[in-house]
Each structure stands twice: as structure tokens, then as C-alpha cells.
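The block underneath contains the structure these notes are about, expressed in C-alpha cells.
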2 protein chains.
Amino acid sequence: MTCSARYAPQLRARGFRMTPQRLTILHVLHHEGTHLSPLNVFKKAVQELPGLTEPTVYRTLEFLAQNGLVRSSHDGSGHLTYEIAAADHHHIVCRICKAEIEVEHSLLAPLYQTLEAASGFTNIDSHVTFFGVCPNCQRQ
Amino acid sequence: MTCSARYAPQLRARGFRMTPQRLTILHVLHHEGTHLSPLNVFKKAVQELPGLTEPTVYRTLEFLAQNGLVRSSHDGSGHLTYEIAAADHHHIVCRICKAEIEVEHSLLAPLYQTLEAASGFTNIDSHVTFFGVCPNCQRQ
DNA sequence: AATGTTGTTGCAAGAATTTGCAATAAGGAC
DNA sequence: GTCCTTATTGCAAATTCTTGCAACAACATT
Ligand SMILES: [Mn+2]
Ligand SMILES: [Mn+2]
Ligand SMILES: [Zn+2]
Ligand SMILES: [Zn+2]
């Protein structure tokens, strides 16, 4: 299935348009499979679509995140990073060496229950990054 | 107890120096009590210490966070925000209206156990921000 | 296929954040 | 109190990110 066929309907259903810019950015993230900084998205996407500009990339990533097609998370240094929205998951990043692993959402599900009950907030749905010390760095 | 008496030893013990810049920034955060953006820290601190510059503020906040004297977290829009390190806590931010509440760390303690057991990471210690929909916004 | 509406983009300018490096000054040693 | 070492800062420049607005183009309608 092509990226266009997959994503265009999701946008149209919400009254938005599919554009070459959005399609290219989705295509880049879809085939990258991992987190990318906005600038790296721009660098790869502008090769596929000459004329694309940085402001468009920043705005588009934000827009796609808002609409659930991509997901944002934080790298160690406080900057946003984006990936295509797929299976719900979270991350643990090593404070020392920056190594990163994924954790299944199921591990957090009980916490979300607790938080919703305790706070009155609903639809808690975050892509969270925790920080710790990885097994490797523990040996030093 | 003065800010200097409280914080200087913590830095010296790690081989770092206390400076007017660091003291002023700590003083601002200490008396503010809540999260502040780097730029807001700068604006308040430069009034107490004319000549202070932005690069110093950014570097100092990062440095103090690294050394546990302040804590950083993410506002809704992906930017870092800083507060003086006090009781361990986390946040839930409303996706709609940006309202923010604190949650006690005790609610997350079981999760941290689970994560450490499942991942092999240790010293997981994050100041986490979750996103959801607040009680007010649920009514609309 | 042509038209109209309005969601999107590029451009230019501005604001926020980072980096390299030489000058400065904190604090230990004497 | 003076001297030394080197951690820290200010400055200038570069980079990254944001914003306002006019031109453009997606796509629904005819
Ligand atoms: Mn992820
Ligand atoms: Mn906090
Ligand atoms: Zn590590
Ligand atoms: Zn709300």
C-alpha cells in the first residue's frame, strides 16, 4: 500500500488536504522507522521534494502530530523528535551514553488507570521518555 | 538559610564553583517556586545581576539540572522549562487548555520498579509530563 | 473541464538557542 | 594577602525554530 493511499484518507476525513509536502514528510518518516529531528526530516525530505522549506517542515510535523499520524518525543537534550505513529510505546534513555530502548505500552497501562482515577484527567495518552542508567554504563 | 549557604557546598563538593551568575539563577528559581522558561529566568535574573547574558543562563540551567540542583520538564509545546529541585513530582497537562497539575511521585513508584525490572536500566528518575484532558475541558 | 473556496505553502524577518574562543575570576595553595 | 590553576563567563557569530502575510493550489462543486 502506498503512503498516499494510506494517509490521504485520514486527512480528508478530518477536512484537511493531502499535499506533496505532507506526503513527502510522511514518506520520509514511514521509511525511516525511527525518531528524526525536524532538521533531519527537512534534509531528507528536501531531496525528494526540492523547494520544500524549513517552516513548512516544522509546521507539518506539528500538524501531523496533532492529528495522530506522527508522534513526537523528547531526546535527552530537550528537543522534539518525530516518528511515524505505529504501535504505542515509550522509551528509556541512558543519562550517560544516551542509549535508547523501547518499552511496551502495556507496562504503563496500570499507571494510566491510576493517574486518571487520581487526577480526574481522561484520555491520558503520552509518548513518554524516561531517563536512567543502562546496563552497560552501570559497569563503570 | 541563604541561597548561597544552601547551594554552594553542593557545587563545591563536586568540584565546581559558586558564581554570582549561578547564585542569582538559583535565587530566582528558589523564590519563584514554579517552572520558568530559560528566557524568563534570564529576564528576572538580569535584573538582579546586570551584565548577565543569555548563553550563560542556558548553560547554567543545563548545568544545574545535570547536577541535581534544578529540574527540567517539558511544557506542552516541546520546550524545556526549569524549577528548583524539591519534592519529587510529575505533571499532567491538559492537551486542550494547557492546565497543569502535579502528581506525587508515589503514584509512579510501582511503575519505576516494573521498568527497572523489565529493562535492566537503574536509577530511573525522571520528572515526567503526561498529557490528557482536564475535567473542565471534558465538559465541552 | 472550468470555477471558487479556503486550507497550505514559501518568503522574509524575527526570536530563541547553541557554539567557539579569548578574557575573566573562583578558590586552593602558599 | 598574593599567586596559580582552570572552571566559567561574555562576546560575536552561527544555527535552529517561529511568525505574519501574500501567493498558491487541493479538491469540492458545477
Ligand atoms: Mn518512539
Ligand atoms: Mn515540576
Ligand atoms: Zn548507557
Ligand atoms: Zn483543559
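First the proteins, then the strands, lettered A, B, ... as listed; each starts at 1. This is a predicted model, so every value here is computed, not measured.
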Donor-acceptor pair under 3.5 Å, A/R17 side chain vs C/dG7 base
yes
A/E54 CD - D/dT19 P separation (whole Å):
16 Å
What parts of residues 19-29 of chain B reach DNA chain D, counting only heavy atoms under 4.0 Å away?
B/T19, B/Q21, B/R22
Any donor and acceptor pair, going by atom type alone, linking the side chain of A/H30 with main-chain N or O of A/L26 inside 3.5 Å?
no
Without decimals, in angstroms, what is the distance between B/L52 CG and D/dT9 C1'?
10 Å
Short side-chain N/O contact to C/dT17 OP1/OP2 from A/H79, under 4.0 Å
no
Of the candidate nucleotides D/dC11, C/dT8, C/dG27, which contains the atom at the shortest distance from the side chain of B/T53?
D/dC11
Spacing of A/L61 atom CG relative to C/dT9 atom C1', expressed in whole Å:
15 Å
Does B/R59 reach a base, just sugar-phosphate, or nothing at all? Heavy atoms under 4.0 Å.
base
Are A/H35 and A/H91 an aromatic pair by the rule of ring centers under 6.0 Å?
yes
Who are the ring pair (Phe, Tyr, Trp, His ring centres under 6.0 Å) partners of B/Y112, not counting sequence neighbours?
A/F130, B/H105
Atom CZ of B/F42 to atom P of C/dT18: distance rounded to whole Å?
15 Å
Under 4.0 angstrom, heavy atoms only, what part of the nucleic acid is B/G15 near: base, sugar-phosphate, or nothing?
nothing
Rounded distance in Å - CZ (B/R12) to C1' (C/dA26):
8 Å
How many whole angstroms separate atom CE of A/M18 from atom P of D/dA28?
13 Å
Within the 6.0 Å centroid threshold, strictly below: B/H89 and B/H127
yes
When you look at CD of A/E104, are more than 12 heavy atoms from neighbouring residues, nucleotides or ligands closer to it than 6.0 Å?
no
With a 6.0 Å cut-off on the ring centroids, do B/F121 and A/F131 count as close?
no
Within 45 degrees of the axis of the six-membered ring of A/Y7 and under 6.0 Å from its centre: does A/R22 put its NZ or CZ there?
no
d(CD, B/Q66; C1', D/dA7) in whole Å:
16 Å
Taking the side chain of B/P55 as its heavy atoms from C-beta onward, which of D/dA12, D/dT9, C/dC11 lies nearest to it?
D/dA12
Whole-Å gap separating P (C/dT17) and CD (B/E62):
13 Å
I want to confirm an ordering. Mapping A/L49 and B/Y58 to their closest nucleotides on DNA chain C, which one lands closer to the 5' end?
A/L49
